[in-house]
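Remember, predicted model here, so these are calculated numbers, not experimental data. Residue numbers start from 1 in every chain, and the chains themselves are labelled A, B, ... in the order their sequence lines are given, proteins ahead of strands.
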Protein chains: 2
Amino acid sequence: MNTDALVRQARQLFDDYLKAHRLRRTPERFAVLETLYRTNNHADAEEIYRQLRRRRYAISRATVYNTLDLLVKCELAVRHQFEPHLARYERAYGSRQHDHLICLNCRQVVEFCDPRIHAISTRMGELFGYRISGHSLILYGYCSNCQSQNHHAKPSAKSSVNDLPKSAP
Amino acid sequence: MNTDALVRQARQLFDDYLKAHRLRRTPERFAVLETLYRTNNHADAEEIYRQLRRRRYAISRATVYNTLDLLVKCELAVRHQFEPHLARYERAYGSRQHDHLICLNCRQVVEFCDPRIHAISTRMGELFGYRISGHSLILYGYCSNCQSQNHHAKPSAKSSVNDLPKSAP
DNA sequence: CTTCATGCAAACGATTTGCATGAAA
DNA sequence: TTTCATGCAAATCGTTTGCATGAAG
């Protein structure tokens, strides 16, 4: 998977979408798209904002948020809520549907696919008369690396107490 | 399932936990426990707070939050993040493990079980060398009732624009 | 009497919003 | 020239925190 080619295609799709919806094709919007598509996945708004700033690209947080919303709307991005108070974004074009496995200590995210999830969706939809439009499956645990070490060790520099989800696990 | 009996048992477990950890057995803490266990499930902190207030029980929001955290810690409650910016709590004693199906229009929550989820957890844990400690599966869709009506109709009085999760589906 | 939980109000932090400016069409 | 997106700062809102008071032990 050539990143440049992927970015070019995503740009084209975004351009088409903006045209079709009579929205403005501003450089800021394309900059956010490109940053998301070139960033290691699962970035939050602040990461995208800082990455653009690091490249001395002048943009405001508000525009980053607006554009991410737009990208979700046109299905070029997916929004995830892995933990409370922090939305993470992932590119949606050029990658197949998958779910996530998260390490509660180092927060590493692994992606996986399992056809049984789709089967469960369909089955429950029928059972309860719902028209299913999507799902979110997150497995929580400790990666092999963190299992060897002490789980209660300080999380890596980037993270803080608030980073660990209080939900689910 | 007799609610009174359930509450009594949960109270006992909480009492034991507080004693064992040398924490104070205050009336506020038991009031929150009881409210959670008597409330239709999936209540948020504000609902619990208002319910206590409605019964003219004087308590502060801070205490409600503190106690809910405590209940999660001692595994008498589970915290869910069905939507951004709002944690919901569910009693954990006296109900078996299950997952959730949520209507994107009326926000009704249905619970379901499917053994395949456990199988998936185990399989992925092995595959990636993770020790799995929990999971969260949420199916999003439209319930039969909301399918007949217009999905874009105003959500019910209690909810607002912000209520609909922007993530996942 | 000595903690420790409570209540209040202020602080927090991610996200949203209102409005004036400036760029896209 | 006419929108409409941007940038900024202020507002929002669920949740957390600091500190003085009061109750549990």
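Under 4.0 Å is where a charged nitrogen must lie from a carboxylate oxygen, and between A:Asp4 and A:Arg38 at least one such pair does. Ion pairing between a basic and an acidic side chain is recognised when a charged N comes within 4.0 Å of a carboxylate O; B:Asp15 and B:Arg11 show no such pairing.
As a whole-Å value, the separation of B:Tyr49 OH from D:dC13 P is 17 Å. Between the NE2 atom of B:His85 and the C1' atom of D:dG14 there is a distance of 9 Å, rounded to whole Å. Atom CD in A:Glu83 sits about 10 Å away from atom P in C:dT15, given to the nearest Å. In this structure, CD of A:Gln81 is placed 10 Å from C1' of C:dA14, rounded to the nearest angstrom. Put simply, CZ on B:Phe30 is 15 Å from C1' on D:dA23, counting in whole angstrom units. Atom pair B:Glu28:CD and C:dC4:C1' shows a separation of 13 Å (rounding to whole Å applied). Rounding to whole angstrom units, CG of residue A:Asp69 and C1' of D:dT6 are separated by 15 Å. Rounded to a whole Å, the CZ atom of A:Arg61 is 12 Å from the P atom of D:dG7.
Heavy-atom distances under 4.0 Å link DNA chain D to B:Arg24, B:Arg25 of residues 15-26 of chain B, given in residue order.
Taking the six-membered ring where the residue is Trp, B:His98 and B:His100 present perpendicular rings, their angle passing 60° and hence far from 30°. Using cut-offs of 30° and 60° for the angle between ring planes, the A:Phe14 and A:Phe30 rings count as perpendicular.
Close to D:dT16, at under 4.0 Å from its OP1 or OP2, lies no side-chain N or O of B:Tyr65. The phosphate of C:dG7 (OP1 or OP2) has a side-chain N or O of B:Thr63 nearer than 4.0 angstrom. At C:dA5, one or more side-chain N or O atoms of B:Arg29 fall inside 4.0 Å of OP1 or OP2 (strictly under the cut-off).
Residues B:Thr122 and B:Ile132 are not in side-chain contact: their nearest non-hydrogen atoms beyond the backbone lie 4.5 Å or more apart. Using a 4.5 Å heavy-atom cutoff, the side chains of A:His135 and A:Ile120 are not in contact. Using a 4.5 Å heavy-atom cutoff, the side chains of B:Asp69 and B:Tyr65 are not in contact.
Each of A:Ala62 and B:Asp44 was assigned the nucleotide of DNA chain D with the nearest heavy atom; the assignment lying further toward the 5' end belongs to A:Ala62.
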